[in-house]
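Below is one structure; the comments refer to it alone.
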Amino acid sequence: MLDDLLRLQSGVITKSQARRAGLSDGAIRRHVGADRWSPLFPGVYWTFSGPPPREALLWAVLLRAGRGAALSHHTAAELSGLIDTPGRRIHVTIPANRRIAAIPGVIVHRSGRVAAATMPGPTLRRTRIEDTVLDLTDLAGDIETAVGWITTACARRLTTPRRLAEAMARRKQVRRRPLLAEVLDDSAAGVHSVLERRYLRDVERGHGLPRGRRQTRHAGAGVRFRDVEYAAFDIIVELDGRAYHPAEHRRRDRLRDNESAAQGCRTLRYGWTDVAAPCSTAVQVARALRAGGWTGQPRRCTRPGCAVLRSTRRRTP
C-alpha cells in the first residue's frame, strides 16, 4: 500500500498517510533522522534523497493544502501545456469554507466552486483547462493579457471557444465578461493571437475591408499557415507580435514570403506598431486589395482623423 501511494504521489507522503499505511511516529522520526525522508512542509515528506523534482513539489503543496484542494492558475496552466516555463510560485485553490496556514512559495486562492472546476482522475488534482483560462483572465492586469490567455489556449488546441463559453456561462462572476464573449466569437472564427484579433477588429472590420480567411494551410517548401488570406485578390497579411526578430525567424519569414510570391500572391507584413495605427494600415491593405481587383472602398472608422477619410478626400476630384 505504501509503495503504491509513493508511486502515485511522486515519492511524497503525509504523516497521516504514513500512519494509515502502518508506520509509527517513531518510524517516521527515524526516517527523517537518517536523512531518508526530508520534510517539505509540516507533516509532508519527500521520501528519497536529493532535491525533490517539480512534480514532487506540486504533490507536496497539494497534500499540504488538504481536502478539496486543486492546483490552479499558472500552475494548472503549466500542467496543461498552456505555459512552457514553471512560475516561481505555485498556485493552489482550496474550498471557500476552509482556511489554511500560509505555505512558503505558494499562493493560496479560495473558491466556492473549486470542486466543479477540478479535473477528475487520480493524478495531480488541478483545475480544468477552461476554468484555468478564466482564472487567469480574472488575474490579468490588462485587456491584452486577458485576451492572450484565451487565444493561446485555442491556438494550442487545449480547448475550444465553445467549451470556454460554456465554462464562462457557469460562472456567476467573470471579469470583463462582454469583452471575453467577443473574443470567443473571434477565436471561433480562427483568430489565434491578440495581434490577429486586433487586426480583425480594428483594421478589417473597423474599416469595412473584405473578410479574410484565417490560418489557411498551404504546402510548398513545407507546410505553412497564412495568418490572413484574401485569396480572391492574391493578398496575404502576416502578423508578427514578437518583440524581436532573430535571424532564424527572419529566414523563415523570407522563405514564406518568397513561396507566396512564387504562387502569385503578395504579402503584407505587420507588427504591433502597425496594428496600433489601424487606420493607416487599413488604407494600405485597401490599396493592395484594389490592385488585386477589389472594387469596394474602405470606410472610415469612429477614430478622430481616420486616415481612410483623408485618403478618400485626396482622391476626390
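Because the structure is a prediction, the values reported are computed rather than measured.
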Worksheet item: When you check the gap from the basic side-chain N to the acidic O, do E130 and R170 get nearer than 4.0 Å?
Response: no
Worksheet item: Distance only, no hydrogens: is a donor on one side chain within 3.5 Å (strictly under) of an acceptor on the other, for Q17 and Y45?
Response: no
Practice prompt. List the atom of L71, the atom of L79, and the distance in Å for their closest heavy-atom pair.
Written response: CD1-CD1, 3.7 Å
Worksheet item: Can a salt bridge be assigned to the pair D135 and R171 using a cut-off of 4.0 Å between side-chain N and carboxylate O?
Response: yes
Discussion item. Tell me if the centroids of the rings in W149 and H73 come within less than 6.0 Å of each other.
Written reply: no
Practice prompt. Could you please spell out the steps behind the side chain to side chain contact (heavy atoms under 4.5 Å, CB included) verdict for I129 and R163?
Written response: CA-CA 10 Å; I129 183 61; R163 292 206 298 265; 5.5 Å; no
Fill in: Least distance between heavy atoms, C301 atom then H207 atom
SG-NE2, 3.5 Å
Worksheet, complete the sentence: For R175 and D138 the tightest heavy-atom approach is NH1-O, 2.9 Å
Fill in: T75 side chain reached by R126 side chain, heavy atoms, under 4.5 Å
no
Worksheet entry | pair W46-P51: side-chain heavy atoms closer than 4.5 Å | no
Practice prompt. For V92 and A65, work out which heavy atoms get closest and say how close.
Written response: CG2-CB, 3.9 Å
Worksheet item: Hey, are the side chains of V237 and D227 touching, using non-hydrogen atoms and a 4.5 Å cut-off?
Response: no
Fill in: Same apolar cluster: L184 and L158, side chain cutoff 4.5 Å
yes
Practice prompt. Taking all non-hydrogen atoms of both residues into account, name the closest pair between I28 and A18 and its distance.
Written response: CD1-CB, 3.8 Å
Fill in: Sub-4.5 Å side-chain heavy-atom contact between F41 and V61
yes
Worksheet item: Going from CG on L57 to OG on S10, what distance comes out if it is rounded to the nearest 0.5 angstrom?
Response: 10.0 Å
Worksheet item: Can you tell if the side chain of R128 reaches within under 4.5 Å of the side chain of P120, non-hydrogen atoms only?
Response: yes
Item to complete: Rounded to the nearest 0.5 Å, what's the gap from CG on L195 to CZ on R197? Could you check?
Response: 12.0 Å
Fill in: Distance (rounded to the nearest 0.5 Å) between L134 CG and L180 CG
7.0 Å
Fill in: Main-chain N/O of G11 paired with T47 side-chain donor or acceptor, under 3.5 Å
yes
Worksheet item: Considering only heavy atoms from C-beta outward, does the side chain of V106 approach that of R89 to under 4.5 Å?
Response: no
Practice prompt. Compare every heavy atom of T132 with every heavy atom of A77, then report the nearest pair and how far apart it is.
Written response: N-CG2, 3.6 Å
Discussion item. Would a single hydrophobic cluster contain both I143 and V183, if residues Ile, Leu, Val, Met, Phe, Trp and Tyr are joined by side-chain heavy-atom contacts under 4.5 Å?
Written reply: yes
Worksheet item: Between V275 and T281, does a side chain to side chain contact (heavy atoms under 4.5 Å, CB included) hold up when you go through it step by step?
Response: CA-CA 7 Å; V275 178; T281 299; 5.5 Å; no
Discussion item. Would you say M119 ends up clustered with L58 if hydrophobic residues are merged whenever their side chains have heavy atoms under 4.5 Å apart, either directly or through other cluster members?
Written reply: no
Practice prompt. Drop me the distance from N97's CG to R67's CZ, to the nearest 0.5 angstrom.
Written response: 6.5 Å
Worksheet item: Is it true that R201 and E182 have a side-chain N and a carboxylate O under 4.0 angstrom from each other?
Response: no
Item to complete: Just say parallel, tilted or perpendicular for the rings of H91 and H74, cut-offs at 30° and 60°.
Response: tilted
Worksheet entry | Separation of I150 CD1 from T137 OG1 (nearest 0.5 Å) | 6.0 Å
Worksheet item: CZ of R300: more than 12 outside heavy atoms within 6.0 angstrom?
Response: no
Fill in: Stepwise side chain to side chain contact (heavy atoms under 4.5 Å, CB included) check, I13 with L2
CA-CA 9 Å; I13 195 169; L2 182 60; 3.1 Å; yes
Discussion item. Check whether R198 reaches the backbone of A276 with its side chain - one donor and one acceptor, N or O, closer than 3.5 Å.
Written reply: no
Worksheet item: Is the number of heavy atoms from other residues, nucleotides or ligands within 6.0 Å of CZ (R213) greater than 12?
Response: no
Worksheet item: Measuring from L289:CG to Q284:CD, what's the distance to the nearest 0.5 Å?
Response: 11.0 Å
Worksheet item: Does one hydrophobic cluster hold both L62 and I100, with members joined at side-chain heavy-atom distances below 4.5 Å?
Response: yes
Discussion item. For D25, is there any backbone N or O sitting under 3.5 Å from a side-chain donor or acceptor partner on R19?
Written reply: no
Worksheet item: Would Y270 and V285 satisfy side chain to side chain contact (heavy atoms under 4.5 Å, CB included), going step by step from the backbone distance to the final call?
Response: CA-CA 10 Å; Y270 298 116; V285 174; 3.6 Å; yes
Worksheet item: Are R110 and R98 close enough that some pair of their side-chain heavy atoms sits under 4.5 Å apart?
Response: no
Discussion item. For a 4.5 angstrom cut-off between non-hydrogen side-chain atoms, does L124 reach E55?
Written reply: yes
Worksheet item: With distance as the sole test, does T127 use its side chain to make a donor-acceptor pair with the main-chain N or O of S72 at under 3.5 Å?
Response: no
